[in-house]
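Chain letters run A, B, ... following the sequence lines, proteins first and then strands; every chain starts at 1.
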2 protein chains.
Amino acid sequence: MTTQIQKAAQGIITDQVKIVAETENLPVDQIASGLIDGTIVIPANINHLNLKACGIGRGLRTKVNANIGTSSDLVDIDLEMAKLDIAQTVGADAVMDLSTGGDLPAIRSRILEKCTVALGTVPIYEAGVMARQSKGSIVEMTADDLFGVIDRHAREGVDFITVHCGVTRSVVDTMKKQGRVVDIVSRGGALLAGWMVYHDRENPLYEQYDRLLDICREYDVTLSLGDGLRPGCLADATDRAQIEELLVLGELVDRARQAEVQVMVEGPGHVPINRIQTNIELQKSVCRGAPFYVLGPLVTDIAPGYDHITAAIGGAMAAMYGADFLCYVTPAEHLSLPDLDDVKNGVIASRIAGHAADIAKGVVGAADWDQKMAEARKRLDWEEQARLSIDPELSIQRHALHKTAGDACAMCGEFCAMEMAERYLGIKTARC
Amino acid sequence: MTTQIQKAAQGIITDQVKIVAETENLPVDQIASGLIDGTIVIPANINHLNLKACGIGRGLRTKVNANIGTSSDLVDIDLEMAKLDIAQTVGADAVMDLSTGGDLPAIRSRILEKCTVALGTVPIYEAGVMARQSKGSIVEMTADDLFGVIDRHAREGVDFITVHCGVTRSVVDTMKKQGRVVDIVSRGGALLAGWMVYHDRENPLYEQYDRLLDICREYDVTLSLGDGLRPGCLADATDRAQIEELLVLGELVDRARQAEVQVMVEGPGHVPINRIQTNIELQKSVCRGAPFYVLGPLVTDIAPGYDHITAAIGGAMAAMYGADFLCYVTPAEHLSLPDLDDVKNGVIASRIAGHAADIAKGVVGAADWDQKMAEARKRLDWEEQARLSIDPELSIQRHALHKTAGDACAMCGEFCAMEMAERYLGIKTARC
């Protein structure tokens, strides 16, 4: 018995379940039954020893993931370590190492050593990079190469892996037949689609799904079923290829649960705001309540430089309708590689989105945070306001810019609503 | 006949209606009938000669307002002029001068001279400041003082005025009876509430509403019925005082329409995201489809420094459900006075929110913008992508940071989904 599901089914309350229950202020039974019915996952590889376990799913606080990693054009491990550090400092609940440049195992090893949140990877990146290096082309990767990398990531302690098992030949055909504006934007999805065409074979992650489940079960790696054909722009959103792939993922969720392997499902991507509810409800229905991990979603294509905001809009709505896990998007999206500020801004924007949704969903403790902030405003307690802020340092810094003598703030100066209410209505209030 | 309503009712197609129809790519008849039934306003004071008219309301693009203005602690007219300039440059559809410090008429005159978008004010600020200067206290303001200022703003060319006519004694009593966490956060609302208690009299803007309508009709000033008791935190949201005031505003909308005065209604403020739809539908129903001007709404209290994001989440949802006009919130909200970057970031965040909603609402031309951007991405046309961006300068600047040789971008480097799809699927695609 290795996985959290297996242990929960046997009535064993693991340390991870205890930690999640305590952190979420919920009964351990609720966490355990969520693991058993598959509506909660706790990505916690048995070999990730410094992990502080975190639950993702129904009834829990919406979680945020930050992507970091090298590219072939920029390999600076110290920079990635600094990104890991700032992501964890500002409250990311998980980090994905998406490195594709440099010594990938060495980078991952350094990250795992410092990563106390759940670590995710996309193993096919490494398999592709290795194939290019050793065989001259990404598509020369074999199925065994890919499973070899997956096995290594699992053994090393990676907590969840994105695997694009639903990119079947039929799904790719559907995409080609219907046509798209920007076709495939998922790197894993594109590699697999290209591989299938080049080799005239089915997706090995689909064909040998049981092999994948065996590896995951051995180390309790949580499967994150990737959406390889997620739309890359609003015009392609919620099309037949996306939905056909989702149907495949739904079946694969069932099989993972039968194998007692933890599983969540990834989703778009780019979605107009009037279709977010549909997307979430569809996933929840088709995937029988499996935790939903959304990438954004971005609600418009026209705001490069501000995609942390387009993603915050989409993420808040998605989470309100039931998404459980938000992958951050940084201001660098569509333009360049993210720097440290981008990582920070991306995490905070997603945390704001998740928290706004948690208030709406009635997640335990969510509204209390706002209530405390409102009370601190009323008390004119600027220190407490900063302490309660999602970014205390920025709050202190910006407020100091215009602090006036005494209690009042400089925004309204002498023309303060709070002061007027206090003076004339006999209401003891705060300055806004 | 002065007002756009009067002229539309007489079948006169004004230049303003023509400009709005052209800008929105809609038939002039649709604009004219929107004016007549009150679902569209065109704030266009007959004395604001350099105005480029802009419509607000049903079927039209969601509009964005930027607040600028001095405070008693910071009077720097050049800074305010620079804010006006940047707000207009980055696409604000309206600007409100909320100055409370310095020579208010002189500031307003300089702003009007350079302001080609609709200009709004809150006349009670000036009346309050004058009363403090000449009589020692804000509440020593008389009703005639207030109407005198309103008349002056109207004569000078202000296009819309926020007047808190709905802050009646009954509404204030309701607020006091039910209790609130932060009571009153509207400066105009607080002044009026204090004035009523101090003088033991009803709100003069309510009592002498016909006098207000007469002034507005003479210069075609659009009334923006302010929500003086809007909630100042999530805990106070959608409470009895807010809704009772809204009911009063609904009646005042009817009276404005009977007087052929253009009218819109202001709304909160702070709203949890699961109550935004309710707030919008309630306003639209109670106020018979009058254009709805929302302040944010902010969807959480815990993110000072990022309130342009909390407002973008709320604004996008509000506009999707029918709000027509978004008042920006800057990153400085709750912390300090906004600087030029804050103004820019506030306008752009609100524009993103409005545009995301316009796609959802099916506003003419909205989705086309995204489609063009997606096509430019597919063509790897970086210049066109920048040109189509909401902030072209930032796009160019950030993309240049990591541009690699040739078509590819540095984000994925050699591991490019687009390239793989192109090479192996025979699909000509873009790099993400």
*Which residue out of B/A356, B/C233, B/A353 racks up the most heavy-atom pairs below 4.5 Å with chain A?*
B/A356

*Please flag which part of B/A386 lies under 4.5 Å from any non-hydrogen atom of chain A: side chain, backbone, both or neither.*
neither

*asked:* Less than 4.5 Å to any heavy atom of chain A: does that hold for the side chain of B/R180, its backbone, both, or neither?
replied: backbone

*With a 4.5 angstrom heavy-atom cut-off, could you sort out which part of A/A367 is near chain B: side chain, backbone, both or neither?*
neither

*Name the member of A/I302, A/I348, A/L234, A/D236 that forms the most heavy-atom pairs with chain B at distances under 4.5 Å.*
A/I302

*Could you tell me whether A/K378 and B/D183 have a side-chain N and a carboxylate O separated by less than 4.0 Å?*
yes

*Could you pull out all residues at least two apart from B/V129 that satisfy side-chain contact (heavy atoms from CB on, under 4.5 Å)?*
A/F415, B/T100, B/L104, B/R132, B/Q133

*Test salt bridge (Lys or Arg N to Asp or Glu O under 4.0 Å) applied to B/D339 - qualifying residues, sequence neighbours left out*: none

*asked:* With rounding to the nearest 0.5 angstrom, report the CG to CD distance, B/D391 to B/Q397.
replied: 8.5 Å

_I'd like to know which of B/L191, B/I390, B/I273, B/V299 tops the heavy-atom pair count under 4.5 Å against chain A._
B/I273

*Looking at A/D301, A/N274, A/I359, A/L388, which makes the most heavy-atom pairs under 4.5 Å with chain B?*
A/D301

*Give the member of B/A349, B/G314, B/A312, B/P272 that has the highest number of heavy-atom pairs under 4.5 Å with chain A.*
B/A312

*Atom group of B/I309 that falls short of 4.5 Å from chain A, counting heavy atoms*: side chain

_Which one wins on heavy-atom pair count under 4.5 Å against chain B: A/Y125, A/W195, A/W369?_
A/W369

*In Å and rounded to the nearest 0.5 Å, what is the CZ to CD distance from A/R398 to A/E393?*
14.0 Å

*Heavy-atom contact with chain B under 4.5 Å, split by part of A/D358*: neither

*With a 4.5 angstrom heavy-atom cut-off, could you sort out which part of B/N345 is near chain A: side chain, backbone, both or neither?*
side chain

_B/H355 NE2 to B/K361 NZ distance, which is reported to the nearest 0.5 Å_ = 12.5 Å

_Working to the nearest 0.5 angstrom, can you tell me the gap between B/M317 CE and B/R275 CZ?_
11.5 Å

*Against chain A, work out which of B/T300, B/V197, B/L298 has the most heavy-atom pairs shorter than 4.5 Å and name it.*
B/T300

_Residue, of A/L394, A/V139, A/V172, that accumulates the most heavy atom pairs under 4.5 Å with chain B_ = A/V139

*Can you say whether A/S137 sits under 4.5 Å from chain B via the side chain, the backbone, both, or neither, judging by heavy atoms?*
side chain

*State the CZ-NZ distance between B/R387 and B/K372, to the nearest 0.5 angstrom.*
8.0 Å

*By a 4.5 Å heavy-atom criterion (distance strictly below it), what part of B/S395 contacts chain A: side chain, backbone, both, or neither?*
both

*Kindly assign one of parallel, tilted or perpendicular to the pair A/Y306 and A/H308, based on the angle between their ring planes and the thresholds 30° and 60°.*
parallel

*Indicate whether any N or O donor in one side chain lies under 3.5 Å from an N or O acceptor in the other, for B/E375 and B/Q371.*
yes

_With rounding to the nearest 0.5 angstrom, report the CG to OG distance, A/N67 to A/S99._
10.5 Å

*Non-hydrogen atoms of chain B under 4.5 Å away: do they reach the side chain of A/I396, the backbone, both or neither?*
neither

